[in-house]
Amino acid sequence: MEDMKQALKVALEKAVAKLGAEGVDIPVQDVPDNKSGDYGSPAAFALAKKLKKNPVEIANDIIANLELPKGIASVEAVGPYINFNVDIGSFVQQVIASDLKAKPRGQKMIVEHTSVNPNKEAHVGHLRNIVLGDSTARILRADGYEVEVQNYIDDTGRQAAESLYAVEYFSAEYDGSKKYDHWLGELYVALGKAKAIGSEEEQEKIEAGVVEIMHRLERGELRNEVIEILNSNLETYWSLGAEYDLLVWESNVVDSGFMDAGLSILKNSEYVSTATEGKFKDALIMDVSEFIPGLEEPNVVLVRSNGNAMYVCKDIGYHLWKVGALKGLKSEVFATQPSGKVLYTSSVTGEVDPDGQSFGGGVKVVNVIDIRQRHPQEIVKTALKLSDDARGADVHHHLAYEVVKLEGQDMSGRKGITVAIDTALEEIIKRTKETIHEKNPDLANSDEVARQVGLGALRFGMIKSEATRIIDFRWEQALNLQGDSAPYIQYAHARACSILRAATDVDISKADWSKIGELELALAKTIVKVPDVIALAAKEFAPHTVAQYALDLATSWNGYFNHKDDEGKPDTKVLDSEEGLKEARVALVMKVRDTLAYTLDVLGIAAPQEM
RNA sequence: GCGCCCGUAGCUCAGCCGGAUAGAGCGUUCGCCUCCGGAGCGAAAGGUCACAGGUUCGAAUCCUGUCGGGCGCGCCA
């Protein structure tokens with residue numbers, strides 16, 4: 001059905017060819033609401049020079065030579081524009097019958113998101129990452145890709161070490177009175193404070209303690225301690241509806257030899273060399289100047305002159321594995337997630353691709369990482385290019401998102417100036433419960449619905465605008481359940497469900513499509529855009545386009561629902577419609593409901609039937 | 001200094017691979033439940049699309065420059 005524009009394009013190109021202008025690309029677009037026609041083309045403008053005629057004349061010439069494709073009722077020239085009217089009945093009927101979902105492509109995309117340091121509770125800055133990543137994964141899946149979601153666990157980093165040392169330093173004992181990661185986060189912040197205000201000896205003591213923990217982490221001695229934190233974090237991620245295929249631990253990337261193997265590969269590149277003189281003497285450096293603009297220094301250090309590899313080498317090794325240039329990451333079952341999907345984890349004691357799984361080796365990797373990490377991401381990307389991978393630059397996409405501020409202020413996990421995801425979710429669900437109590441006190445499963453609506457609102461706020469926008473997290477705004485929000489869309493869906501509950505005895509096979517009109521057509525024209533919207537969002541890794549579309553569709557449906565005639569009386573009452581029209585309208589409402597639910601699902605937002 | 005991102009209504013944002021009068025939400029004002037759900041709908045008011053050039057039949061959209069704001073550019077992670 002989305003082929004309508006394509007069909008018009010072909011028809012126009014044929015007509016244009018007859019006029020002596022072959023091989024011209026003819027655009028077909030939506031017609032603005034105030035003009036007559038459903039689809040239109042400004043083709044005449046482009047041909048004016050070539051044919052040496054004025055556009056209005058050309059438009060008429062084209063129309064004279066045009067064979068209307070099936071489903072088009074009429075064509076007219078509106079000034080220089082060529083506008084088409086579809087056959088309303090057959091168009092709407094076809095939209096309703098069409099499958100809006102993409103076919104499988106047989107290609108695997110690897111999406112890495114979350115990747116929160118396992119040392120504290122996740123906050124609303126991380127929320128943006130998780131929601132963006134999870135939505136992107138869902139969009140890619142909807143566009144026909146197989147998607148493997150990975151969550152990278154930095155188990156050898158300083159942050160985890162600080163938190164674990166803080167427990168020791170304060171001789172703290174976990175008593176279960178609060179969530180483990182929250183408890184640990186407080187100790188982490190307290191340790192930072194103790195270090196900042198402590199005496200020199202105290203600072204040295206803390207530093208020595210942290211370093212010792214780091215060594216133990218590197219030796220893998222504290223895996224269980226990290227798992228405890230991770231489990232606590234996972235509760236949060238799962239509560240958001242995010243799930244993963246594989247946890248990849250940094251220490252396992254090293255154990256698997258990917259870092260060394262990656263360096264071996266890179267050493268074959270003419271851009272990588274060991275400096276024999278100058279400030280990088282004895283260090284392994286990579287010349288990135290051809291690939292990354294805006295650097296004063298063209299070289300980046302991969303291995304220090306003392307022989308220690310830079311952090312980015314681990315990332316390079318990991319990514320070479322992601323794209324299939326390295327193999328052999330061992331893994332095993334880690335947990336069963338809320339949906340029942342099994343989560344695997346990298347592990348030295350596991351095996352390569354257990355249970356018939358096939359991890360890694362994606363045609364493309366998408367990394368959801370904040371925009372400040374752009375530079376190291378560029379280095380990884382450059383390394384992939386230099387690794388002789390024929391697919392070149394396109395294998396790596398950094399989905400860079402701007403930071404989240406808190407009431408206009410910078411957040412800081414280190415200083416504890418944050419709002420935890422758990423807290424935000426709890427608050428918004430509380431607010432939603434109040435709203436339900438007020439508007440629909442008899443709602444049966446109100447707790448679950450409140451969770452779905454509250455979570456939806458929270459997620460939607462994170463993806464409704466472009467990733468390149470700074471988000472200012474403000475409570476007043478976050479707790480608002482009206483307007484440009486998920487509840488608005490969910491409400492539209494619930495309304496459609498409400499009608500359909502009362503329409504169970506309607507036999508839609510008795511629909512008389514000749515009875516429907518412009519109002520139904522407008523709705524159908526919005527519905528039919530879904531595949532294009534999903535495809536564009538997948539191509540550009542832009543979840544916000546789906547969010548904006550969902551709002552459009554809900555608006556379109558709400559407008560239809562509330563439509564009144566010239567005397568101010570409702571004229572779109574589905575169930576009060578005459579025979580034939582009623583059935584057609586019910587069929588359309590079903591399509592609206594399904595499409596709203598589908599787009600919400602692609603955004604990871606539930607569509608309750610009542611709210 | 002160089003590079004990247006952002007600048008559209010009072011505020012928060014869509015629109016940006018060029019097309020017809022620049023669209024929402026919040027806020028303000030007015031109206032709409034004897035009508036399938038008012039978390040909704042309709043209307044009013046609110047815009048030199050930062051500024052200046054350029055390309056084009058046509059520019060919020062593409063190019064150049066300027067001005068504001070943010071971020072990045074380490075033998076840190």
Side-chain angles (χ1 to χ4, degrees), chain A residues 27 29 31-35 40-42 44-46 48-49 54-55 78-81 83 117 154 157-159 275 279-285 292-297 300-306 308 310-312 314-315 370-376 378 400 402-403 432 435-436 438-440 453 457 464-472 474 476-477 480-492 494-503 536 540 544-545 547-548 551-552 554-555 558-564 568-577 585-586 589 610-611:
Chain A
Q29 61 204 31
V31 170
D33 292 337
N34 53 341
K35 294 284 188 293
S41 177
F45 287 115
K49 195 172 273 180
N54 79 59
V78 179
Y81 290 92
N83 287 1
N117 280 315
D154 182 1
R158 188 179 175 91
Q159 313 234 43
K279 64 174 174 175
F280 294 132
K281 190 171 186 304
D282 297 331
L284 185 72
I285 56 175
I292 308 177
L295 297 177
E296 274 177 52
E297 170 55 57
V300 298
V301 173
L302 296 176
V303 180
R304 299 177 180 93
S305 48
N306 66 11
N308 290 331
M310 297 286 284
Y311 177 86
V312 74
K314 295 178 190 171
D315 228 4
D370 86 69
I371 199 163
R372 294 170 301 187
Q373 300 291 324
R374 185 191 165 88
H375 181 59
E378 289 290 338
E402 263 291 358
V403 295
T432 310
T435 306
I436 289 175
E438 181 188 314
K439 296 180 185 292
N440 196 357
V453 173
K464 72 176 172 187
S465 46
E466 278 184 287
T468 49
R469 292 258 174 209
I470 294 169
I471 289 181
D472 189 6
R474 291 189 223 156
E476 192 195 334
Q477 205 177 301
N480 180 27
L481 308 176
Q482 297 173 338
D484 276 351
S485 68
Y488 175 84
I489 303 161
Q490 291 169 315
Y491 183 73
R495 230 177 194 175
C497 290
S498 175
I499 292 175
L500 294 171
R501 270 195 300 278
L536 186 68
E540 316 218 312
H544 82 281
T545 57
Q548 293 293 334
L551 286 171
D552 280 351
T555 299
N558 278 331
Y560 178 82
F561 182 90
N562 279 299
H563 198 272
K564 295 179 176 62
K569 290 190 178 158
D571 58 356
T572 52
K573 294 213 54 171
V574 173
L575 300 175
D576 288 351
S577 309
R585 284 177 163 173
V586 167
V589 174
E610 294 179 70
M611 58 188 276

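Protein chains get the first letters and strands the later ones, always in sequence-line order, with residue 1 at the start of each.
Checking B:rG37, B:rA39, B:rG19 against every side-chain atom of A:T432, the shortest atom distance belongs to B:rA39. Considering only the side chain of A:K564, B:rC32 comes nearest among B:rG15, B:rC36, B:rC32. Closest approach to the A:P32 side chain among B:rA24, B:rC16, B:rA20 is made by B:rA20 (side chain taken as heavy atoms from C-beta onward). Checked against B:rG37, B:rA20, B:rA77, the side chain of A:P376 finds its nearest nucleotide in B:rA77. Among the nucleotides B:rA39, B:rC26, B:rA77, the one closest to the side chain of A:V453 is B:rA39. Nearest nucleotide to the side chain of A:R501, out of B:rC5, B:rG70, B:rG37: B:rG37. Checked against B:rC16, B:rA39, B:rG37, the side chain of A:S498 finds its nearest nucleotide in B:rG37. Taking only side-chain atoms of A:F561, from C-beta outward, the nucleotide of B:rC36, B:rU12, B:rA39 with the closest atom is B:rC36. With B:rA20, B:rG37, B:rC75 as the choices, the nucleotide that has an atom nearest any side-chain atom of A:Y491 turns out to be B:rG37.
In B:rC33 the base sits syn relative to the sugar, since the glycosidic angle is no further than 90° from 0.
Within 3.5 Å, a donor on the side chain of A:E296 pairs with an acceptor on the base of B:rG1, or the reverse. Counting atom types as modelled, A:S305 pairs a side-chain N or O with a base atom of B:rC75 as donor and acceptor under 3.5 Å. Interface remark: the A:N117 side chain does not form any donor-acceptor pair with the B:rA77 base, using a distance-only criterion of under 3.5 Å.
At the phosphate of B:rC76, OP1 or OP2 sits under 4.0 Å from a side-chain N or O atom of A:R304. Dashed line: the shortest gap from a side-chain N or O of A:K439 to OP1 or OP2 of B:rA39 is under 4.0 Å. Remark: A:R469 is in phosphate contact with B:rA14, judged by side-chain N or O atoms under 4.0 Å from OP1 or OP2. In this model, the phosphate group of B:rC4 is not approached by any side-chain N or O of A:H375 to a distance below 4.0 Å at OP1 or OP2. Distances shown here put a side-chain N or O of A:R495 below 4.0 Å from the OP1 or OP2 atom of B:rG38. The phosphate of B:rC36 (OP1 or OP2) has no side-chain N or O of A:R585 nearer than 4.0 angstrom. Residue A:S465 has no polar side-chain atom (N or O) positioned under 4.0 Å from OP1 or OP2 of B:rC13.
Considering CG of A:N562 and OG1 of A:T572, their distance stands at 7.5 Å, rounded to 0.5 Å. Distance check, rounded to the nearest 0.5 Å: CG of A:D315 to CE of A:M310 gives 12.5 Å. For the atom pair CD (A:Q373) and CD1 (A:I371), the distance works out to 11.0 Å, reported to the nearest 0.5 Å. Of the inter-residue distances, the one linking A:E610 atom CD with A:R495 atom CZ reads 14.5 Å to the nearest 0.5 angstrom. For the atom pair NE2 (A:H563) and CG (A:D571), the distance works out to 5.5 Å, reported to the nearest 0.5 Å. Atom CE of A:M611 is separated from atom OG1 of A:T432 by 8.5 Å, given to the nearest 0.5 angstrom.
In a base pair of the Watson-Crick type (N1 to N3 plus N6-O4 or O6-N4) or a G-U wobble (N1-O2 and O6-N3), with each distance short of 3.5 Å, B:rU66 is matched with B:rA50. Judged by Watson-Crick or G-U wobble contacts below 3.5 Å, the nucleotide B:rU12 has B:rA24 as its partner. Pair assignment for B:rC57: B:rG19, on the basis of Watson-Crick or G-U wobble contacts that are both within less than 3.5 Å. Of the nucleotides present, B:rG42 is the one that pairs with B:rC30 by Watson-Crick or G-U wobble criteria, both distances under 3.5 Å. Using Watson-Crick or G-U wobble geometry with both donor-acceptor distances under 3.5 Å, B:rG1 finds its partner in B:rC73.
When heavy atoms are screened at a 4.0 angstrom cut-off, A:N83 is found touching base atoms of the nucleic acid. Note on A:M611: a base of the nucleic acid sits closer than 4.0 angstrom, heavy atoms only. Residue contacts for A:V31: at a heavy-atom cut-off of 4.0 Å it reaches a base atom on one of the strands shown. Within 4.0 Å (heavy atoms only), A:P42 reaches at least one base atom of the nucleic acid. Here A:I489 lies out of heavy-atom contact (under 4.0 Å) with every strand. Nucleic acid contact for A:H544: sugar-phosphate only, since backbone atoms but no base atoms lie under 4.0 Å from a heavy atom of the residue. Counting any heavy atom pair closer than 4.0 Å across all strands shown, A:Q29 reaches a base atom. Base contact: A:A494 has a heavy atom under 4.0 Å from a base atom. Nucleic acid contact class of A:T435 (heavy atoms, under 4.0 Å, all strands): base. Residue contacts for A:I470: at a heavy-atom cut-off of 4.0 Å it reaches the sugar-phosphate backbone alone, with no base atom in range. Among the atoms of the strands shown, base atoms are found under 4.0 Å from some heavy atom of A:T572. A:L295 comes within 4.0 angstrom of sugar-phosphate atoms only, judged by non-hydrogen atoms across all strands, and of no base. Counting any heavy atom pair closer than 4.0 Å across all strands shown, A:Q373 reaches a base atom.
For the P atoms, the distance linking B:rC30 with B:rC62 amounts to 42 Å, nearest Å. Between the C1' atoms of B:rG7 and B:rU61, the separation comes to 15 Å (whole Å). Rounded to the nearest Å, the gap between the P atom of B:rC75 and that of B:rG70 is 26 Å. Using atom C1' as the reference point in both B:rG10 and B:rA45, the two lie 12 Å apart (nearest Å). Separating the P atom of B:rG74 from that of B:rA14 is a span of 31 Å, rounded to the nearest Å. Between B:rG54 and B:rA59, the distance separating the two P atoms is 12 Å to the nearest Å. Rounded to whole Å, the separation between the C1' atoms of B:rA20 and B:rC63 comes to 25 Å. Nucleotides B:rG68 and B:rG23 place their C1' atoms 26 Å apart, quoted to the nearest Å.
Comparing A:Q548 and A:G559, the nucleotide of RNA chain B nearest to each residue sits closer to the 5' end for A:Q548. Of the residues near RNA chain B, A:Y311 and A:R374, the one whose nearest nucleotide (by heavy atom distance) lies more toward the 5' end is A:R374.
Shortest non-hydrogen contact noted between A:P80 and A:P55 is CB-CB, 3.7 Å. Of all non-hydrogen atoms in A:P27 and A:P42, the two that sit nearest each other are O-CD, 3.7 Å. A:S41 and A:N83 make their closest contact through N-OD1, 4.3 Å (heavy atoms, listed as atom of the first residue, atom of the second, distance).
Inter-residue side-chain proximity for A:Y488 and A:N558 is flagged as met; some heavy-atom pair is nearer than 4.5 Å.
With A:K464 contributing its side chain and A:D484 its backbone, the two residues share a donor-acceptor pair below 3.5 Å. Looking at A:D370, its side chain never comes within 3.5 Å of a backbone N or O of A:V403 through a donor-acceptor pair.
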Output a table of nitrogen or oxygen pairs between the protein and nucleotides 54-61 of chain B separated by less than 3.5 Å.
residue : atom : partner : partner atom : Å
B:rC57  : OP1  : A:K49   : NZ           : 2.4

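Between A:Y488 and B:rA39, no base-stacking contact is recorded for ring centres under 5.5 Å apart and planes less than 30° from parallel.
The distance from atom NZ of A:K569 to atom P of B:rC36 is 15 Å, rounded to the nearest whole Å.
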